[in-house]
Protein chains: 2
Amino acid sequence: MTSRKPAPSRQGGNGRKPDDDDYVLDSQVGFILRQVSQRHAVIFDELIGEGVTPTQWAALSKLQEIGPTSQNLLGRLTSMDAATIKGVVLRLGKRQLVETNPDPGDARRLVVRLTEQGRRLTRKLTPRAAAISQVTMAPLTPEEQTRLLALLTKLR
Amino acid sequence: MTSRKPAPSRQGGNGRKPDDDDYVLDSQVGFILRQVSQRHAVIFDELIGEGVTPTQWAALSKLQEIGPTSQNLLGRLTSMDAATIKGVVLRLGKRQLVETNPDPGDARRLVVRLTEQGRRLTRKLTPRAAAISQVTMAPLTPEEQTRLLALLTKLR
DNA sequence: GAATGAATATTTGTAGGCAAACAATAGGGA
DNA sequence: TCCCTATTGTTTGCCTACAAATATTCATTC
């Protein structure tokens, strides 16, 4: 018999005193979130093709949605900070999927826009992106899917 | 009037033909997951202190749970691949929180164990780690929290 | 017009995160 | 014993991700 917690003393109403032993990594939100994100990343990679990453896709898709935007705003709309969006735009630029120009009306801004190539690719990938979301959620029933999205959105 | 979709023709039962316009980045699971993870990371950073990162905490906590383990197994148990866990163990080693030794029984293995310092720090941080999970979930009622964890676990 | 503070962009440094290629060892089976 | 395969660990390269420091420009206020 080696248990460190043979008979935990109850106290106060019906509760237990929280013990360090109660902390199990595998049931913490943060840890589970990371695992779900990893699974999603795998699915993304398998279905998207074209060497496009999730963040790159976010930038492309958002540009398709809203048209040319400043690099900084694009970052905010895709939840990337200034340094991160810079790298993403740089790599998309190297592949000729976006182009950047100084904003004539505001010398601070760098306007990012899809190239024709970028538009074509984005249109081509959109159905795959939709499939990625479906496959990711596939283990859940439609009702569960709706519930999950609602709950996650509250934590956003 | 510039709408590209003035009167979508219905067909087949009650449905609509899915259109590219239906894809909105902000309601995709992957994108929302990233945002929730980001919020969690901020909370983690604010509450944990000691310059410990989420992955480093995962390693510390898991070592506390199960005792000395091979580096590779530790990686699997914390959902990190071999290259990632190597870096994490390296940085924890620099801070004297873990130590590594060759496994006498298997020359391939590198056994990772908490140092006394590492054990002390882990014990100290465990209540904070628990608080991080609570604060992250705080926008949800207890019932919602349970439901969310159950749904996420199915996607793990 | 000048000062001030906010917004935008860039650079550097640190830390995950993974793929791919590689080396070494372990474990079995022919 | 020898060979084959799986496991473990390392290294390199590329891509996020963010903090912090810096420079430039804009907008506001005085």
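Worth knowing before you read on, the calculation uses all heavy atoms, side chains too, and leaves out hydrogens, waters and symmetry mates. Lettering of chains follows the sequences in order, A, B, ..., and the numbering in each one begins at 1.
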Checklist line | Positions of residues 47-62 of chain B (non-hydrogen atom under 4.0 Å from DNA chain C), listed by number | finding: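 Contacting residues: B:T53, B:T55, B:Q56.
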Margin query: Below 4.0 angstrom, which residues in residues 89-107 of chain B have at least one non-hydrogen atom near DNA chain C?
Written below: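 Within this stretch, B:R91, B:D106, B:A107 sit under 4.0 Å of the strand.
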Less than 3.5 Å apart, which donor and acceptor atoms pair up between the side chains of residues 91-101 of chain B and the rest of the protein, not counting sequence neighbours?
| unit_1 | atom_1 | unit_2 | atom_2 | d |
| --- | --- | --- | --- | --- |
| B:R95 | NH1 | B:E50 | O | 3.3 |
| B:R95 | NH1 | B:G51 | O | 3.3 |
| B:R95 | NH2 | B:E50 | O | 2.8 |

From [X] [atom1] over to [Y] [atom2], what is the distance, rounded to the nearest 0.5 angstrom?
X	Y	atom1	atom2	answer
B:L152	B:R147	CG	CZ	13.0 Å
A:D81	B:Q38	CG	CD	8.5 Å
B:L151	A:I32	CG	CD1	11.0 Å

Using the side chain to side chain donor-acceptor pair (under 3.5 Å) criterion, which residues pair with [X]? Sequence neighbours excluded.
X	result
B:Q134	none
A:S70	none
B:S79	A:Q35
B:R119	B:E116

Restricting both atoms to N or O, compile the protein contacts to nucleotides 5-7 of chain D shorter than 3.5 Å, with distance only.
| unit_1 | atom_1 | unit_2 | atom_2 | d |
| --- | --- | --- | --- | --- |
| D:dT7 | O2 | B:R108 | NH1 | 3.1 |

Notebook entry, point to check: For B:G87 and A:L110, take the nucleotide of DNA chain C holding the closest heavy atom to each; which residue's nucleotide lies nearer the 5' end?
Noted result: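 That would be A:L110.
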Checklist line | side-chain contact (heavy atoms from CB on, under 4.5 Å) against A:D45, all qualifying residues, sequence neighbours excluded | finding: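 Counting only residues at least two positions away or on another chain, A:D45 forms no side-chain contact (heavy atoms from CB on, under 4.5 Å).
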Just how far, in rounded Å, is [atom2] of [N] from [atom1] of [X]?
X	N	atom1	atom2	result
A:N72	D:dA23	CG	P	19 Å
A:D81	D:dA21	CG	P	15 Å
B:I85	D:dT11	CD1	C1'	17 Å
A:L73	D:dC26	CG	P	17 Å

Per-pair distances, 0.1 Å, donor-acceptor, side chain in residues 57-65 of chain A, under 3.5 Å, sequence neighbours excluded:
| unit_1 | atom_1 | unit_2 | atom_2 | d |
| --- | --- | --- | --- | --- |
| A:W57 | NE1 | B:Y23 | OH | 2.8 |
| A:K62 | NZ | A:E65 | OE1 | 3.2 |
| A:K62 | NZ | B:D26 | OD1 | 2.5 |
| A:E65 | OE2 | B:L25 | N | 3.0 |

Check: Mind checking which nucleotides bracket the chain B contacts on DNA chain C, 5' to 3', with an atom under 4.0 Å from a heavy atom?
Finding: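 Terminal contacting nucleotides, 5' to 3': C:dA15 to C:dA26.
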Notebook entry, point to check: Is it true that B:L74 and B:L125 fall in one hydrophobic cluster, defined by side-chain heavy atoms closer than 4.5 Å?
Noted result: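 Yes, same cluster.
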Note to self: Which is more 5' along DNA chain D, the nucleotide nearest B:S70 or the one nearest A:A83? Just name the residue.
What the structure shows: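 Checking each residue's closest nucleotide, the 5'-ward one belongs to B:S70.
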Notebook entry, point to check: Under 4.0 Å between a side-chain N or O of B:K86 and OP1 or OP2 of D:dT10?
Noted result: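 Answer yes for this pair, as a side-chain N or O of B:K86 is under 4.0 Å from OP1 or OP2.
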Item checked: Residues that, via side-chain heavy atoms closer than 4.5 angstrom, fall in one hydrophobic cluster with B:L90 ->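 Grouped by the 4.5 Å side-chain rule, B:L90 forms a cluster of one, so the answer is none.
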Note to self: Working note: A:E143 + A:T141, criterion side-chain hydrogen bond (donor to acceptor under 3.5 Å, both in side chains); need CA distance, chi angles, decisive distance, verdict.
What the structure shows: CA-CA 5 Å; A:E143 299 76 35; A:T141 68; 3.3 Å; yes
